[in-house]
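Chain letters run A, B, ... following the sequence lines, proteins first, then strands; residues in each count from 1. Note that the coordinates shown come from a computational prediction; the quantities given were computed from them, not determined experimentally.
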Amino acid sequence: MDKTYNPHAIEQQWYQHWEENSYFTPSGTGSPYSIVIPPPNVTGSLHMGHAFQDTIMDTLIRLKRMQQHDTLWQVGTDHAGIATQMLVERKVQAEEGLTRHDLGRDKFLDKVWEWKEESGGNITRQLRRLGASVDWDRERFTMDDGFYTAVQEAFIRLYEDGLIYRGKRLVNWDPKLHTAISDLEVVSEDEAGHLWHMRYPLADGATTANGDNYIVVATTRPETMLGDTAVAVHPEDERYQHLVGQFIELPLVGRRIPIIADDYVDQEFGTGCVKITPAHDFNDYAMGQRHGLTMINVLDQDAAILATPEVYNTEGKSIEHSETIPAAYQGLDRYAARDGIVADLQGLGQLEKIEDHTLKAPRGDRSGLVIEPLLTDQWFVSTKPLAEPAIAAVEDGRIEFVPKQWENTYFAWMRDIQDWCISRQLWWGHRIPAWYDDAGKFYVGRSEADVRAKYNLGDINLRQDEDVLDTWFSSGLWTFGTMGWPDMTEALKRYHPTDVLVTGFDIIFFWVARMIMMTMHLMKHEDGSDQVPFKTIYVTGLIRDENGDKMSKSKGNVLDPLDLIDGISLEDLLAKRTGNMMQPQLAKKIDKQTRKHFPEGMAAYGTDALRFTLCSLASTGRDIKFDLGRIEGNRNFCNKIWNAASYVLMNCEDQDCGQHGDAVELSLADRWILSRLQRTQQKVLSALDSYRFDHAAEALYSFICNEYCAWYLELSKPVLWDDNASPEQLRGTRQTLVQVLESALRLAHPLMPYITEEIWQKVKPLVGKTGPSIMLEAYPEFTADMVDEQAEADLNWVRDVIEGVRNIRGEMNISPAKPIPLLFSKGQESDQAKLEANRSFLIKLAKLESVTWLPAGEEAPLSATALVGQMEVLVPMAGLIDKDAELARLTKELAKLNGEIKRFNGKLSNAKFVDNAPAEVVDKEREKLAEAEAAAATLQQQVAKIEAI
RNA sequence: AGGACUAUAGCUCAGUUGGUUAGAGCGCUACCUUGACAUGGUAGAGGUCGGCAGUUCGAAUCUGCCUAGUCCUACCA
């Protein structure tokens with residue numbers, strides 16, 4: 001073994017070895033256990049969120065594989081419609097100065113495929129670096145041929161089942177990307193704006209209660225007045241009740257529009273009068289539907305004012321009209337039009353006032369532009385009928401959320417779900433399988449030929465729908481689409497439903513909910529009942545930076561998991577964080593921050609340390625502040641394991657470690673560590689079973705560091721270095737050293753695959769194992785009768801003595817190099833027996849010169865005192881210890897004891913406590929009181945003794 | 001507006017059904033190169049568990065209210 005732990009040197013080769021030997025391939029035997037990876041964007045790169053989730057998944061898969069399940073971890077990537085298309089558009093623009101329209105659809109798509117081929121390997125390479133044991137042989141892509149078939153099949157079935165429809169509806173329109181987007185892709189944030197109060201003149205000489213011949217409407221979007229088709233008031237609003245049914249003469253436009261009553265209107269807000277523009281606002285649209293209002297669209301695809309408005313009835317049917325838009329606004333961008341209209345109203349004296357007002361601006365999450373509600377022809381999924389079974393599946397436990405609280409979020413959304421707009425006016429994606437004839441009638445089918453045959457269309461002209469499907473439509477099929485659906489393949493029969501989905505809460509709606517709906521509708525068990533996509537949803541938190549801020553490129557606080565693994569120089573880190581920025585003006589600040597946080601770049605911590613850290617932080621499913629201190633500590637933990645293994649091998653390689661079956665004699669320490677190992681196995685197993693990766697990590701850390709390394713390795717030395725030790729004793733200790741190490745490695749393997757494999761390969765012959773890889777070995781099990789309570793109690797006695805001495809040494813500043821004589825006084829017979837049995841442990845670990853048992857009645861010299869139960873452990877002060885220092889130490893100890901005694905007494909003198917608390921609790925308190933009192937008395941005597949001189 | 005979550009040591013976090021002397025890692029202090037390990041060892045300091053009230057013999061843990069923060073959903077034109 002190399003002298004020092006170097007993750008880089010060991011991690012490279014093992015992954016390749018595992019993959020080449022097909023260890024990731026499902027074994028085909030044992031009970032199936034399957035996970036699908038949430039497909040990352042094919043052109044993306046791995047971020048901390050991926051690293052986190054993939055670590056969790058790999059830990060589960062490795063655990064189950066070692067538990068002899070038939071494990072499938074399905075891998076693949078997503079085509080990520082908008083994101084990828086935008087990226088390639090930018091690239092083409094930068095490199096060739098062309099837009100996608102310059103290229104045309106086919107050529108542009110060629111470019112996207114080229115880019116996919118070029119960069120698609122990036123993310124899979126990174127997955128390999130993380131140690132993800134996915135089945136590469138089954139790697140899929142959401143736009144591969146199989147998915148093409150699956151998506152078509154899904155669309156057609158949903159259409160035929162009446163769950164997909166096409167219609168002219170108000171949708172979120174992105175004026176930059178020129179596509180509809182779903183509600184979920186719109187993010188609303190508070191922005192400063194204004195509320196314009198505009199006078200709308202009453203027609204036909206009507207007046208308000210106070211004699212005005214106009215009413216005032218308040219709006220945040222004055223420019224949409226061009227499409228107003230009503231003004232609404234609350235039916236019970238006394239100010240305006242009498243005007244309901246009257247008309248407004250729309251300023252600048254001259255259109256006569258009715259005043260209607262609708263209790264949607266909030267009397268308190270603004271003036272209590274609302275202008276209604278059904279074609280440009282979702283609430284107005286709904287009101288228009290209720291009141292049969294005409295819809296007048298005044299905006300084009302760029303959100304600029306049309307020359308001629310489009311007028312529709314409530315069904316979305318275009319109607320003949322003579323509406324016009326004042327020439328002054330035609331062709332103006334929506335904001336320019338707003339300025340013009342406001343100025344013109346002001347000129348007419350019809351602008352009452354302008355108030356400051358914060359509003360939620362709805363922005364497209366990709367383009368960042370304020371989206372525009374726009375009337376367009378789109379395809380929709382009727383979600384209500386799909387949502388019902390999907391809700392039921394979670395209610396009745398067929399699907400379980402971990403942590404459970406996410407169910408609420410899921411239910412809340414599913415019970416109020418809106419129809420899903422699935423068509424996108426993009427080029428990169430699954431083209432909608434619908435064909436139109438010249439009259440605009442559409443036919444849904446698998447291909448043009450299929451459609452012709454199916455609908456008996458003969459030789460008429462057909463053209464396919466130009467639009468593609470929302471990316472989430474195809475990823476909604478991920479669990480079964482990847483396994484060969486619509487064919488009922490062996491894989492589907494065996495591995496579907498999958499066992500657990502590991503994902504972030506941010507895509508519960510985008511993906512998880514839709515996956516459940518689509519899967520339950522399309523996938524059936526043999527008895528015809530719905531299949532769920534997965535039985536458990538483990539929801540992870542978000543990884544944030546050390547300040548709790550979201551990691552983002554524009555903030556320059558992104559940590560790249562690969563940098564944590566491999567390390568990175570300050571220069572490279574700066575280049576990475578400030579290069580190729582969307583907002584170059586931020587570069588300077590980021591540069592400064594980065595220099596401050598990472599003056600020397602980042603150290604290489606290795607994959608195992610990163611994975612272990614991510615596991616140890618994976619507690620409640622809440623967000624995680626990623627603290628570099630943790631990964632550094634865990635790198636040191638890896639180093640610790642490495643050095644411990646080095647010690648074990650040094651003492652056991654080429655030695656008889658009992659692997660040949662010869663008799664062994666186990667020391668107390670041997671029996672103790674074996675017992676502790678069992679308890680650790682129990683803890684780790686139950687932690688992993690309940691998705692508490694943090695508890696599993698903690699149990700491993702504390703066992704390996706604080707028990708195996710800190711105590712057991714030290715306790716092995718007195719045996720191994722004892723010239724008089726018998727072969728049985730030597731064998732016993734060597735056997736325990738290697739067995740416990742080997743078990744601990746297997747126990748830790750799912751979390752830290754590389755270092756455990758590297759060391760295991762060297763240790764395996766010493767425990768008589770011949771398997772090719774630790775990842776194929778059996779996972780340790782908990783065996784209750786291997787817990788040795790007596791050994792644990794006895795060793796605690798040994799530890800107490802040693803710690804008592806160390807405490808005196810530390811507090812009294814006695815050099816660790818100085819061997820000291822030790823006296824035992826007032827002990828029981830059992831203490832004496834323990835002393836004799838463990839003399840060598842005490843001498844070695846407490847660095848003692850001598851150990852003397854004082855018989856009862858024999859006076860001890862003036863000493864510093866430590867207590868182990870009732871027994872006094874004495875370090876004679878002569879020449880070693882300063883009297884005042886010992887007095888101070890004793891006084892501190894006494895103060896602590898007296899505090900405890902007071903508390904115990906308080907409790908026990910409370911009759912209510914004694915009467916009501918369970919007897920065993922009361923007894924325990926009494927016992928603790930007695931112990932504390934005895935200890936205090938002893939220390940008090942010591943104090944008196946010292947003070948007497 | 002509705003909902004969820006969080007508040008424990010200087011920092012990042014554990015603390016299962018109410019009963020511990022409230023724990024870990026990092027950081028801090030002192031001492032130490034002792035034959036696995038200075039990416040180390042030993043010892044130590046540090047917390048009235050956000051606040052107030054309640055339930056209980058007993059509350060970090062249960063209930064209510066309050067404060068601070070994070071997030072989600074829906075929105076006022």
Using side-chain contact (heavy atoms from CB on, under 4.5 Å) as the criterion, list what pairs up with A:Lys912, not counting sequence neighbours. A:Asn910, A:Asn916
Only distances under 3.5 Å count here; give the side-chain donor-acceptor pairs of residues 892-903 of chain A to other protein atoms, sequence neighbours excluded, each with its distance to 0.1 Å.
residue: A:Lys892; atom: NZ; partner: A:Glu811; partner atom: OE1; Å: 3.2
residue: A:Asn898; atom: ND2; partner: A:Leu894; partner atom: O; Å: 3.3

Once side-chain hydrogen bond (donor to acceptor under 3.5 Å, both in side chains) is applied, what residue pairs with a partner in residues 265-287 of chain A remain, sequence neighbours excluded? A:Thr224-A:Lys275, A:Asp228-A:Lys275, A:Asp228-A:Thr277, A:His234-A:Gln267, A:Tyr264-A:Asn283, A:Lys275-A:Thr277, A:His280-A:Asn297
Nearest-angstrom distance, P atom, B:rA60 to B:rU21: 12 Å
Can you name the salt bridge (charged side-chain N to carboxylate O under 4.0 Å, His left out) partners of A:Asp419, sequence neighbours left out? none
Nearest-nucleotide comparison on RNA chain B, the residue closer to the 5′ end among A:Lys3 and A:Leu184: A:Lys3
Applying a 4.0 Å non-hydrogen cut-off, can you work out what A:Ala412 is touching in the nucleic acid: base, sugar-phosphate, or nothing? nothing
Whether each nucleotide of nucleotides 42-48 of chain B has a protein heavy atom under 4.0 Å at its base (B), only at its sugar-phosphate (S) or at neither (-) is summarised, 5' to 3', as SSSS---
Closest approach of A:Leu688 to A:Ala696 (non-hydrogen atoms, all atoms of both residues): CD2-CB, 3.7 Å
Tell me every residue that passes ring pair (Phe, Tyr, Trp, His ring centres under 6.0 Å) with A:Phe693, counting only those two or more places apart in sequence or in another chain. A:Tyr538
For the side chain of A:Asn813, starting at C-beta, report the closest nucleotide among B:rC71, B:rC76, B:rC31. B:rC31
Please give the distance between the P atoms of B:rU8 and B:rU16 as a whole number of Å. 16 Å
C1'-based separation of B:rG18 from B:rU56 [nearest Å]: 9 Å
Applying side-chain contact (heavy atoms from CB on, under 4.5 Å), name anything that partners A:Glu849, two or more places apart in sequence or on another chain. A:Pro819, A:Pro821
Most 5' of A:Asp183 and A:Asn910 on RNA chain B, judged by nearest nucleotide: A:Asn910
Would you write out the dot-bracket form of RNA chain B, 5' to 3', with Watson-Crick and G-U pairs under 3.5 Å, [ ] for crossing pairs, | for pairs to other strands and . for unpaired bases? (((((((..((((.....[...)))).(((((.......))))).....(((((..]....))))))))))))....
Among B:rC76, B:rC72, B:rA36, find the nucleotide with the atom closest to the side chain of A:Phe509. B:rC72
So, for A:Trp642 and A:Tyr5, is the gap between ring centers shorter than 6.0 Å? yes
Could you list the residues that satisfy side-chain contact (heavy atoms from CB on, under 4.5 Å) with A:Asn643, not counting sequence neighbours? A:Asn639
What does nucleotides 3-13 of chain B look like as a protein-contact string, B for base, S for sugar-phosphate only, - for none, at under 4.0 angstrom between heavy atoms? --S------BS
Can A:Lys640 be said to sit on top of A:Tyr708's aromatic six-ring, NZ or CZ under 6.0 Å from centre and within 45° of the ring axis? no
Could you give the distance separating B:rG23 and B:rG47 at their C1' atoms, to the nearest angstrom? 11 Å
Does a side-chain N or O from A:Asn916 land closer than 4.0 Å to OP1 or OP2 of B:rC57, or not? yes
Under the rule for salt bridge (charged side-chain N to carboxylate O under 4.0 Å, His left out), what residues qualify as partners of A:Glu927, not counting sequence neighbours? none
Can you tell me if the side-chain N/O atoms of A:His695 get under 4.0 Å from OP1 or OP2 in B:rG15? yes
So is the aromatic ring of A:Trp721 stacked onto the base of B:rG35, judging by whether the centres are under 5.5 Å apart and the planes are under 30° apart? yes
Could you work out the separation of B:rG3 and B:rC75 based on their C1' atoms and round it to a whole Å? 14 Å
Salt bridge (charged side-chain N to carboxylate O under 4.0 Å, His left out) against A:Asp237, all qualifying residues, sequence neighbours excluded: A:Arg239
Within the structure shown, what part of the strands sits under 4.0 Å from A:Cys709 by heavy-atom distance: base, sugar-phosphate, or nothing? base
